[in-house]
Amino acid sequence: MENFRLILLIFLVLCALFVSFSKNLLVSVVIFMSYSLIMSIIWVLLESPDLAITEAAVGAGVTSVLFFITLKRIGAIGKEHPDEQDETTKEINSRPAVKQFGKFYKGAAVTLGAAIIFALLLMVSNLPAFGDADNPYNNEVSERYLEKSIEETGAVNAVTGMILDYRAFDTFGESCVLFIAAACVLILLRDDKTDTTAKAIQDEKFEPVSDTILQTSAKILFPAILMFGIYILVNGHLSPGGGFSGGAIMGAGLILHVNAFGYKKTQRFFNEKTYKRVTVCALSFYCIAKSYSFFTGANHLESHIPLGNAGDIISSGLILPLNICVGLVVACTMYAFYTLFKKGGM
Amino acid sequence: MEMFRFMIAAIFMFCGVFCMASAVFGMFRFRYVLNRMHTAATADTFGLLLTMIGLIIWKGFGFEALKMIIIVGFFWVSGPVSSHLIARMEVSTNKKLEEECEVKKYGEL
C-alpha cells in the first residue's frame with residue numbers, strides 16, 4: 001500500500017512537470033486530466049470518496065471540457081500549423097521592449113515559483129506525521145459538530161450547520177470562486193461585436209429551433225423544476241440539500257427555458273444586468289452578514305440574531321438567508337456558463 | 001396477506017427490472033441511433049413505472065408513494081421529449097438518412 005501511494009505521488013509530480021513543459025496545449029490538457037484522475041485515486045486512499053467523486057467529475061471532466069472549448073474559441077487548437085504566427089504577432093514580438101519584458105517575465109516567474117515551492121515545502125515539514133493518532137482527524141472537533149450543532153446553530157441538518165455556520169468563511173470563498181470563474185469566462189468568451197447587423201445574424205444563428213413539443217413540456221416542467229429548486233434551497237437547514245444543490249437545479253431550469261423558448265423570452269426576466277445585480281447583491285449580503293457575526297463572535301458580544309425553534313422553516317439565524325444567497329449565485333453562474341459558451345453573451 | 005402483497009410487488013419490480021435490463025442490452029446491441037433511442041426510452045417510461053408501482057405496493061400508500069408518483073410523472077413528461085429531440089437532431093443532421101432507414105416523405109403520411 002505504501003509503495004502504491006508512493007508510485008501515485010511520483011506520477012503526480014511527473015504529470016505536473018509534463019504539463020508545464022509540453023509545447024502542445026492539447027497534450028497539456030490531456031495530461032492535466034490524468035493528473036486529476038490520479039488525484040482522485042489518492043483521495044479515495046485518504047478515505048474521502050466525496051472529494052474523489054468531485055475531483056473525477058469536475059477536475060477531470062468539466063474542467064477539461066472547458067479547457068477544450070476555450071482553446072477552440074481562441075483558436076489555439078484545430079489549426080493546420082499551430083506554431084505559425086501571422087505578421088502582426090511577429091512584428092510585436094520583435095520589438096525590443098517586448099523582448100525585454102519577456103526576459104523579465106521569465107525571471108520573475110522562476111523566482112516566484114521557487115519561492116512558493118520553498119514556502120510550501122517548509123510548511124509540509126512542519127505538518128504532523130501521516131496516520132498519527134493525535135491528528136485533527138481524531139480530535140474533538142467532529143464530535144462537537146455532531147453533538148452541539150442543533151443547539152449552537154439551530155440547524156437540524158448538521159452538514160448545513162457546519163458549512164454555513166462553523167465554516168461559513170469557506171463557503172464564502174467557494175461562492176466567490178464561482179463568481180470569479182463566471183467573470184473570467186465573460187472576459188474570454190464575450191462577443192463585443194460593434195457591427196449590429198453581424199451581431200443580429202450571429203444571434204439568429206444561435207437561437208434554438210422552436211419546437212412545439214419541447215415548448216409544451218417546458219411549460220409544465222419549468223415551474224415545477226424552479227419550485228423544486230427553491231424547496232431544496234429553503235429547506236437546506238432541515239433536510240439534505242442547501243444552496244449548492246438547489247442552485248444547480250434552478251440553473252438547470254433556466255437552461256431548459258432558454259432551449260425551449262429562445263433568448264428573447266428569457267431575457268425578459270433574466271439578462272446580463274439581472275445576473276450582475278443578483279450575484280453582486282448576494283455576495284455582498286453574505287460578506288456583510290458573516291462579517292457581522294464573525295466580529296461579534298470574536299469579541300464575545302451578543303449577536304442579537306434569534307436562532308428560533310430547531311425544525312421550523314424560519315429558524316437557525318443566518319443560515320437560511322446565506323443558503324438563499326449561495327443558491328442564487330450558483331444558479332446564475334450555471335446559466336451564465338451555458339449561454340456564454342453557447343453564443344458568447346447573455 | 002403481507003406475503004401476498006410482497007409477491008405482487010416483487011412481480012411488478014421484476015418486470016420493471018426486466019424492462020430496464022433489456023433496454024441496456026439493446027443500447028449496446030443496436031448500432032443505429034434511432035434504434036438505440038427506441039430501446040432506451042423503454043427504460044425511462046415503462047421500466048420506471050413498473051418498478052415504482054412495485055415499490056408503492058410494497059411500502060403502502062403514503063407520502064413516499066406520492067413522491068414516487070411525482071417522479072414517474074416527471075419522467076413521463078421529460079423522457080419522451082428528450083427522445084424526440086434526439087430523433088429530430090438525427091433527422092436534421094444525417095445526410096444519408098435513406099441508407100439507414102425507410103423515410104416517408106411528408107406528403108405520404
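Naming convention: chains lettered A, B, ... in sequence-line order (proteins, then strands); numbering from 1 in each chain. Atoms considered below: every heavy atom in the structure, side chains included; atoms not considered: hydrogens, waters and symmetry mates.
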Exercise. Non-hydrogen atoms of chain B under 4.5 Å away: do they reach the side chain of A/L214, the backbone, both or neither?
Worked result: both
Problem set entry | Side chain / backbone / both / neither for A/I225 at chain B, heavy atoms under 4.5 Å | side chain
If you count the non-hydrogen atoms of other residues, nucleotides and ligands that lie under 6.0 Å from [atom1] in [X], is the total more than 12?
X: B/H84; atom1: NE2; value: yes
X: A/Y338; atom1: OH; value: yes
X: B/F18; atom1: CZ; value: no
X: B/F12; atom1: CZ; value: no
X: A/F269; atom1: CZ; value: yes

For this session: To the nearest 0.5 angstrom, please state how far the OG atom of A/S217 sits from the CH2 atom of B/W76.
Result: 15.5 Å
Exercise. Does some side-chain heavy atom of A/I213 sit less than 4.5 Å from a side-chain heavy atom of B/R88?
Worked result: no
For this session: Could you tell me which portion of B/S78 (side chain, backbone, both or neither) has an atom closer than 4.5 angstrom to a non-hydrogen atom of chain A?
Result: both
